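Report on the following structure.
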Amino acid sequence: MKKLILSLTIVSLLIFPLGAAALTQSQQESLPAMSTEEVHGNVPAQTNAAQAMTPAVHALVLAMTENHLDYDPSDSEFLWTSLYYMLSLYGQMDERAEFTDDTMILPSEMVRDYAAALYPDVAQLPEIPAPISQRIAYFASDDSYHLARGDEALIQVTVDDTQTQDNGQVILSGRMTALEDGSTLYTFQSTLSPRDTMFGFIIDSLTISA
C-alpha cells in the first residue's frame, strides 16, 4: 500500500468547545485491518518517513507539552487528546472532512486511519473522556466525529535527523519552534516502525525535552 501524507503546513489551534448536545455521545471504535480496496483521502503518496509521520509526531508533542501529559497510549485522555490535535491540524486537508462555521465533521473511518499512525497497540478506541469531550464528540446518527474548530497559532515542527535501523525502525529527531522568532520550544525523538496503514508507519515511542 502506498504511504500517504498530508500537506506539511504546520499550524496549532486555539481550542473552542462544542455545543452541549455533543457532550453526551461517545463510541468505542475498532481499528480494522487495512485493505487495498479501502478508499482514503486525497493526500499525495510519499515514501519518506519524516514527511509521512510529521502530522502524528506534531500531535503527540502538542498533547504532551500543552496538556502536561506523559506519553501513554493506554491512557484514554492522552490517546484522544493527541488524536484530536492530529485531526484538527491535518484533517482539514482530507477530502472526507466536512465543515460548518465552528465544527469539522469526520467519518469514523477517517478517525481510525489517523489513530492507526499514533498507537501501535490500540485495538479499539476507548470512550472519549471528560477532559476532551468538549473538543470532540461522536454522533451515531451518521457514524461521524464532530471536532471544534479554532484559530491558528504560529508553531512549527521540524525533523532535523532521520536514522534507519537494521531492523527497519526509523528514529526521527527534531524540534518544535515558534515561527515569530524561530526559538526552539521543545526537542523530541520518536521511534517509528513500518506498518501497512494510511501513513506507512506507526509510532512506537516519543520523548520530549525543553
Side-chain angles (χ1 to χ4, degrees), residues 5-19 22-23 26 50-94 97 99 102-104 106 110-111 114-120 122 125-138 145-160 172-192 199 202-210:
I5 65 163
L6 302 170
S7 168
L8 292 182
T9 302
I10 306 298
V11 294
S12 179
L13 301 183
L14 300 176
I15 306 305
F16 298 96
L18 290 167
L23 303 185
S26 62
Q51 290 179 323
M53 292 300 288
T54 292
V57 170
H58 188 186
L60 291 178
V61 172
L62 281 177
M64 296 168 70
T65 58
E66 293 192 355
N67 300 274
H68 308 291
L69 296 172
D70 294 327
Y71 179 80
D72 183 4
S74 65
D75 176 16
S76 62
E77 181 180 353
F78 173 77
L79 187 155
W80 275 109
T81 300
S82 49
L83 180 54
Y84 171 80
Y85 279 127
M86 188 177 180
L87 292 168
S88 298
L89 293 165
Y90 299 95
Q92 60 189 307
M93 291 172 276
D94 193 302
F99 304 92
D102 58 1
T103 304
M104 182 160 56
L106 311 176
M110 177 178 165
V111 174
Y114 285 59
L118 291 170
Y119 314 112
V122 176
L125 294 175
E127 291 188 358
I128 300 170
I132 193 70
S133 62
Q134 290 189 320
R135 301 180 183 184
I136 183 169
Y138 176 74
Y145 288 87
H146 293 204
L147 280 71
R149 300 176 67 185
D151 296 331
E152 297 179 358
L154 300 179
I155 297 174
Q156 179 172 346
V157 165
T158 302
V159 175
D160 296 315
L172 303 181
S173 300
R175 54 203 156 86
M176 175 177 283
T177 59
L179 290 181
E180 182 178 7
D181 58 8
S183 61
T184 297
L185 305 174
Y186 298 95
T187 60
F188 64 83
Q189 185 174 89
S190 180
T191 301
L192 318 176
F199 292 86
I202 194 79
I203 291 180
D204 291 318
S205 65
L206 188 142
T207 57
I208 60 172
S209 58

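None of the values given here were measured: they were computed from a predicted structure.
- Test P126, P129, P73 against L79 for side-chain contact (heavy atoms from CB on, under 4.5 Å) and you get one pass: P126.
- The OH atom of Y71 sits 10.5 Å away from atom OG1 of T207, with the distance rounded to the nearest 0.5 Å.
- The line from OH of Y138 to CG of L106 is 12.5 Å long, rounded to the nearest 0.5 Å.
- How far OH of Y114 is from CG of L118: 11.0 Å, rounded to the nearest 0.5 Å.
- E127 and S76 get closest at one heavy-atom pair: O-CB, 4.3 Å.
- Without hydrogens or angle criteria, Q92 side chain to L89 main chain gives a donor-acceptor distance under 3.5 Å.
- If you take OH on Y186 and CE on M64, they are separated by 10.5 Å, rounding to the nearest 0.5 Å.
- For the pair S190 (side chain) and S205 (backbone), a donor-acceptor distance under 3.5 Å is present.
- In terms of modelled atom types and a separation under 3.5 Å, the side chain of S133 and the main chain of A130 share a donor-acceptor contact.
- Closest non-hydrogen pair, Y119 versus F78, comes out as OH-O, 3.9 Å.
- For the pair D70 (side chain) and D72 (backbone), a donor-acceptor distance under 3.5 Å is absent.
- From S183, atom OG reaches atom CZ of R175 across 10.5 Å, with rounding to the nearest 0.5 Å.
- The main-chain N or O of V61 is never found under 3.5 Å from a side-chain atom of Y85 such that the two would form a donor-acceptor pair.
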